[in-house]
Number of protein chains: 2
Amino acid sequence: MQGLMQDWPLLTHKVLDHAAIYHPDQEIVSRSVEGPIHRQTYADLNRRARKLASACEKHGLKLGDVAGTMAWNGYRHLEIWYGIMGLGAVVHTLNPRLFPEQLTYIIDHAEDKWFFVDLTFVPIMEGIQDKLPSIKNFVVMTDRDHMPDTSLRGALCYEDLLAEGDEDFVWPEFDENTACGMCYTSGTTGNPKGVVYSHRSNVLHAMSTNMADALGFHSTDAVMPVVPMFHANAWSTAFSAPMAGAKMIMPGAMMDGASIYELLDTEQASITLAVPTVWLMLLQYLEQNPEKKLEALKRVVIGGSACPESMMKAFEEDYDVEVIHAWGMTEMSPLGTLGTRKGGMENMSQEDWWPIKLKQGRPPFTVEMRITDDDEKELPRDGKAFGHLVVRGPCISKAYMKGEGGNILDSEGYFDTGDVSTVDEYGFMQITDRSKDVIKSGGEWISSIDLENIAVGHPDVAEAAVIGIEHPKWDERPLLVIVKKDGAEPEGDDILKFMEGKIAKWWMPDDVAFVEEIPHTATGKISKLQLRQQFEDYKLPTA
Amino acid sequence: MQGLMQDWPLLTHKVLDHAAIYHPDQEIVSRSVEGPIHRQTYADLNRRARKLASACEKHGLKLGDVAGTMAWNGYRHLEIWYGIMGLGAVVHTLNPRLFPEQLTYIIDHAEDKWFFVDLTFVPIMEGIQDKLPSIKNFVVMTDRDHMPDTSLRGALCYEDLLAEGDEDFVWPEFDENTACGMCYTSGTTGNPKGVVYSHRSNVLHAMSTNMADALGFHSTDAVMPVVPMFHANAWSTAFSAPMAGAKMIMPGAMMDGASIYELLDTEQASITLAVPTVWLMLLQYLEQNPEKKLEALKRVVIGGSACPESMMKAFEEDYDVEVIHAWGMTEMSPLGTLGTRKGGMENMSQEDWWPIKLKQGRPPFTVEMRITDDDEKELPRDGKAFGHLVVRGPCISKAYMKGEGGNILDSEGYFDTGDVSTVDEYGFMQITDRSKDVIKSGGEWISSIDLENIAVGHPDVAEAAVIGIEHPKWDERPLLVIVKKDGAEPEGDDILKFMEGKIAKWWMPDDVAFVEEIPHTATGKISKLQLRQQFEDYKLPTA
């Protein structure tokens with residue numbers, strides 16, 4: 001028997017409909033790329049997204065077409081998301097920090113037909129446009145007055161294009177599984193892989209993350225996503241904030257401490273989201289300007305990489321701002337876990353709560369999560385066993401664009417995150433390593449991240465990385481690679497001695513190597529791949 | 001192009017999976033029908049729901065079968081919901097307050113094959129079982145010790161049945177549009193009509209109501225649904241509380257002020273939900289026992305009928321408990337609106353907020369709502385225009401069981417709620433009447449409810465009802481029907497004089513009639529249908 005409920009597909013434009021009808025005067029405040037602060041409302045966003053959709057349709061954009069964007073967080077970027085998705089076309093966000101050859105590979109692979117570009121990034125696109133024959137229309141996201149003299153072929157001015165559209169444009173209806181967004185994962189090995197979101201997945205993800213124990217936006221919140229829209233869907237804020245009718249504050253191109261503080265303060269942000277690097281800059285700025293306070297700010301969501309304890313304590317103890325530690329990945333839309341207290345933890349002391357809070361958190365409803373061994377056998381949720389972290393749910397990838405990477409689900413439909421983690425008895429997950437970085441010694445696993453975290457605690461160490469080196473007896477043994485602090489001259493043995501007693505004896509690195517610099521990926525993470533290449537011919541003294 | 005996200009149907013058992021894995025020790029506390037307080041956890045609920053499903057399947061229950069329940073809010077009722085729905089079968093909740101002939105009509109129409117009944121209601125079912133040939137299995141919801149001597153044919157004892165099941169039972173997968181719940185609307189005209197929920201609609205509704213500005217349950221909440229599971233899905237709490245991992249407190253058969261207070265207090269409920277009648281009893285009990293406080297209680301959700309201002313003020317001002325005024329209907333799963341502050345209202349004074357709070361509230365995302373005239377033309381959202389309230393969304397009926405009532409959607413897919421209402425510039429909706437009760441005078445509408453609310457303000461009036469009486473010139477004119485207070489002897493003119501100046505002149509009733517009693521429906525509302533029949537031959541003095 002079928003239910004007799006209405007057929008109402010979960011489409012992204014319905015989020016905007018809701019915001020425009022119930023929160024028409026709520027503001028979207030953007031630091032524009034041209035400079036000034038720009039203000040518009042959800043009613044404006046609704047009108048302008050429809051105009052854009054109508055104009056693009058006149059110019060031939062149709063259901064299933066892919067439109068790339070290279071843009072900061074701002075009102076025009078939001079208009080493009082809702083306008084293009086509303087047509088049944090696909091918004092493909094590009095990270096401007098990628099190398100030109102990665103960009104051309106990705107744009108070509110995704111077959112972008114349109115490309116929307118912020119003023120900032122026009123030179124990047126001019127430099128690679130000749131290698132991008134699929135792009136038929138470049139649109140520079142500015143008005144006539146700021147339109148640059150550009151070599152981009154047939155470049156349209158965004159505001160001129162918009163002016164051709166009809167604000168009463170009626171959104172077409174289509175299946176909720178229609179693609180609406182695309183984001184390639186940077187991928188430390190192999191080619192970048194395209195994650196393809198559907199309308200259903202984006203709407204469900206926003207509903208899931210808007211539940212009270214996740215992001216839980218209220219209409220009275222002022223949400224500032226510093227995390228970029230080109231980085232894993234801006235953690236769903238472009239959908240979840242309008243769904244809740246919350247004010248949005250979009251920081252544009254300015255991510256330094258002073259600029260972020262200025263917006264938080266003048267726009268009275270109540271919740272903000274970003275990676276630790278951004279918060280490091282903000283906290284440094286606040287330290288240098290002790291008269292500045294975070295009065296309106298209630299919550300800060302930190303993810304993208306693990307939040308250091310010192311940062312968490314600074315926010316909570318010095319500024320009375322609650323930290324929500326979060327974890328996710330592009331393939332998960334992206335939020336996978338959030339660290340909010342559970343029933344039974346109401347009266348837990350801060351001392352007991354702290355080590356749990358430092359973990360990555362617990363999944364909201366719709367995310368199924370477990371850890372498994374190499375044979376897909378589920379491991380216990382005891383906070384000690386660590387295994388492959390695998391996930392399942394309606395907002396999680398089942399395949400990559402054009403089948404890249406082949407079948408990516410296990411026999412029970414779980415996606416392997418590539419992380420190694422523990423899950424404790426409360427359901428809180430903690431990443432212990434990437435599975436390709438874990439060191440397999442005599443059939444047992446050693447966490448490279450655990451070793452690195454301990455090594456950086458040594459006062460003379462600026463940065464540490466651990467990789468597995470081939471070993472005739474144990475398969476692999478750990479090598480500790482160190483960048484010394486300026487002026488410091490530690491010996492390898494000093495550092496090893498420092499680590500003794502803090503880990504199991506058989507986890508101890510077999511050797512220490514000093515380098516000038518440790519290689520990083522475009523997103524700022526240690527590139528173990530490059531490091532392994534660098535130490536390809538290295539022989540351990542124990543071998 | 002299709003999205004590449006996982007196929008993960010929204011099935012109700014996934015809510016329970018989530019609760020059992022992430023909140024295994026969270027409690028479900030029930031006042032059992034046998035008497036004592038019963039405690040179990042979500043892990044227990046999960047095990048027992050699987051056992052029940054497994055046992056029922058062995059006894060022949062299969063996908064698409066309908067299982068009736070006549071039961072209070074309690075742990076076994078929850079087990080039945082999750083167990084039966086998990087099989088792809090349909091739980092059909094029956095209101096025990098219905099008349100026997102309504103019950104037989106409904107059970108026969110729905111073709112219930114199984115029937116689960118609480119001890120309290122065994123006599124009701126014994127009395128009508130001969131007229132219910134479709135029922136193959138009666139199950140009495142108790143254990144062997146409390147099993148009554150019953151004439152119910154082939155009656156099974158719930159705990160004996162459960163004992164036959166397997167707690168490792170694996171839920172089957174099926175389409176998310178599969179029916180899972182059924183509830184007939186009492187219907188003041190025509191036959192009762194069956195609303196059929198799907199897994200998708202129940203899961204989406206729970207996600208929608210769990211968003212922060214709606215019910216927004218936290219895992220640290222203790223939720224007490226006094227609103228029965230047989231009344232419009234218990235306002236989704238049977239799904240939304242486990243989804244959030246909140247503690248559940250189930251009041252069983254005892255709805256009096258003392259019993260409700262005892263549970264609120266001993267179990268430290270933080271949020272509770274019921275109709276105004278229940279709260280009236282609680283507030284009276286608290287008045288009589290001034291030493292009792294509502295210390296743990298933070299929020300009370302009031303719906304089912306409009307919350308009187310005095311009740312709202314008593315909770316907020318005397319007991320410091322926030323009132324959330326809500327409105328919905330069986331056909332809406334049921335929540336349609338909730339009255340929480342919006343962005344821009346943060347600093348609104350209590351004085352300005354109060355009249356808005358007394359309205360029915362604003363819809364959460366997934367509910368589309370508007371008011372229209374008789375030609376389906378949308379009316380303005382200005383707080384003044386009133387028209388047919390029509391709604392659209394994935395958790396709203398598109399048809400009734402077996403097509404009863406024919407096509408129930410307008411040309412744009414909206415369902416007519418049968419209510420007449422206004423919507424103000426903030427999006428807050430206020431019911432002004434039922435569309436069949438509104439008085440159509442000279443092409444204009446007069447709200448019967450507005451007139452009643454004013455008339456009951458007269459000190460000598462116990463109850464008031466207004467109906468339209470045929471009029472040769474104006475089509476209809478209002479007749480005011482009054483039940484006097486004990487010992488009072490008002491004249492009709494006294495009451496009309498009292499109303500003068502409070503409404504437009506042409507709204508004034510043309511006559512006043514005094515009666516001993518005003519007829520009510522099974523759910524306690526004024527039965528305008530019966531009242532109109534009673535005054536069928538009435539002639540107005542103005543006619």
Side-chain angles (χ1 to χ4, degrees), chain A residues 1-8 10 15 17-18 21-23 25-26 64 90 177-180 195-201 207-208 210-213 216-220 243-247 341-346 362-363 365-366 368 392-401 413 415 427, chain B residues 1-8 10 15 17-18 21-23 25-26 64 90 177-180 195-201 207-208 210-213 216-220 243-247 341-346 362-363 365-366 368 392-401 413 415 427:
Chain A
M1 193 192 304
Q2 293 286 93
L4 294 173
M5 294 283 122
Q6 293 182 18
D7 308 310
W8 194 88
L10 304 173
V15 175
D17 286 349
H18 182 80
I21 290 177
Y22 291 101
H23 310 278
D25 303 327
Q26 185 63 281
V90 184
N177 291 305
T178 304
C180 75
V195 172
V196 187
Y197 305 112
S198 65
H199 284 263
R200 173 182 165 101
S201 70
M207 291 179 75
S208 173
N210 253 343
M211 288 198 280
D213 269 353
F217 292 151
H218 291 271
S219 159
T220 49
M243 186 181 280
K247 174 175 170 176
R341 282 193 197 226
K342 286 200 343 178
M345 292 180 170
E346 300 90 334
R362 59 188 172 97
F365 175 69
T366 73
E368 294 186 291
R392 198 164 68 172
C395 315
I396 297 171
S397 290
K398 67 177 173 190
Y400 291 111
M401 181 75 178
F415 168 78
Chain B
M1 194 192 302
Q2 294 285 94
L4 294 174
M5 294 284 122
Q6 292 182 18
D7 308 310
W8 195 86
L10 303 173
V15 175
D17 287 347
H18 182 81
I21 291 177
Y22 291 100
H23 310 280
D25 304 327
Q26 185 62 284
V90 185
N177 292 303
T178 304
C180 75
V195 172
V196 187
Y197 305 112
S198 66
H199 284 263
R200 173 182 165 99
S201 70
M207 292 178 75
S208 173
N210 253 344
M211 288 197 279
D213 269 353
F217 293 151
H218 291 272
S219 160
T220 48
M243 186 180 280
K247 173 175 171 176
R341 283 194 196 225
K342 286 201 341 176
M345 292 181 170
E346 301 89 336
R362 60 188 172 97
F365 176 70
T366 73
E368 294 185 291
R392 199 165 68 172
C395 314
I396 297 170
S397 292
K398 67 177 174 188
Y400 291 112
M401 180 74 177
F415 168 78

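This is a predicted model, so every value here is computed, not measured. Below, read A as the first sequence line, B as the second, and so on, with proteins coming before strands; counting in each chain starts at 1.
- In terms of heavy-atom pairs under 4.5 angstrom with chain B, the leader among A/H199, A/M345, A/H23, A/M401 is A/H23.
- With rounding to the nearest 0.5 angstrom, the NZ atom of A/K398 is 9.5 Å from the CE atom of B/M5.
- At a 4.5 Å heavy-atom cutoff, the contact between A/R392 and chain B is made by backbone and side-chain atoms alike.
- The nearest pair of heavy atoms linking B/R200 to A/W8 is NH2-O, 3.3 Å.
- Both the backbone and the side chain of A/F365 have a heavy atom closer than 4.5 Å to some heavy atom of chain B.
- Heavy-atom distances place no part of A/K247 under 4.5 Å from chain B, backbone and side chain included.
- For A/H18, the part sitting under 4.5 Å from any heavy atom of chain B is the side chain, from C-beta outward, and nothing else.
- In this structure, CG in A/L4 is found 10.5 Å from CG in B/N177, a value given to the nearest 0.5 Å.
- Atom CZ of B/R341 sits about 11.5 Å away from atom OG of A/S219, to the nearest 0.5 Å.
- No other option in A/C395, A/G393, A/S201, A/P363 has as many heavy-atom pairs under 4.5 Å with chain B as A/G393.
- The distance from atom CE of B/M1 to atom OG1 of A/T178, rounded to the nearest 0.5 Å, is 10.5 Å.
- To the nearest 0.5 angstrom, A/F415 atom CZ is 8.5 Å from B/Q6 atom CD.
- For B/Y197, the parts lying near chain A are the backbone and the side chain together; criterion is any non-hydrogen pair under 4.5 Å.
- Residue contact with chain B, scored on non-hydrogen atoms closer than 4.5 Å, involves the backbone and the side chain of A/Q2 alike.
- The two residues A/M243 and B/M211 have their closest heavy-atom pair at SD-SD, 3.7 Å.
- Here the shortest heavy-atom pairing between B/G3 and A/S198 reads CA-CB, 3.9 Å.
- Heavy-atom pairs under 4.5 Å with chain B peak, among A/G413, A/G427, A/G343, A/G245, at A/G343.
- With a threshold of 4.5 angstrom between heavy atoms, A/I21 approaches chain B through side-chain atoms but not through N, CA, C or O.
- Heavy atoms of A/V195 lying under 4.5 Å from chain B belong exclusively to its side chain.
- Once rounded to the nearest 0.5 Å, the distance linking CG of A/D213 with CG of B/N210 reads 9.0 Å.
- No donor-acceptor pair closer than 3.5 Å links the side chain of A/K342 to the backbone N or O of B/Q26.
- Here A/A212 is the residue among A/C180, A/S208, A/A212 with the most heavy-atom pairs under 4.5 Å with chain B.
- Note on A/A244, A/S397, A/G344, A/G64: by heavy-atom pairs under 4.5 Å with chain B, the leading option is A/S397.
- When heavy atoms are compared at a cutoff of 4.5 Å, A/Y400 approaches chain B solely by way of its backbone atoms N, CA, C and O.
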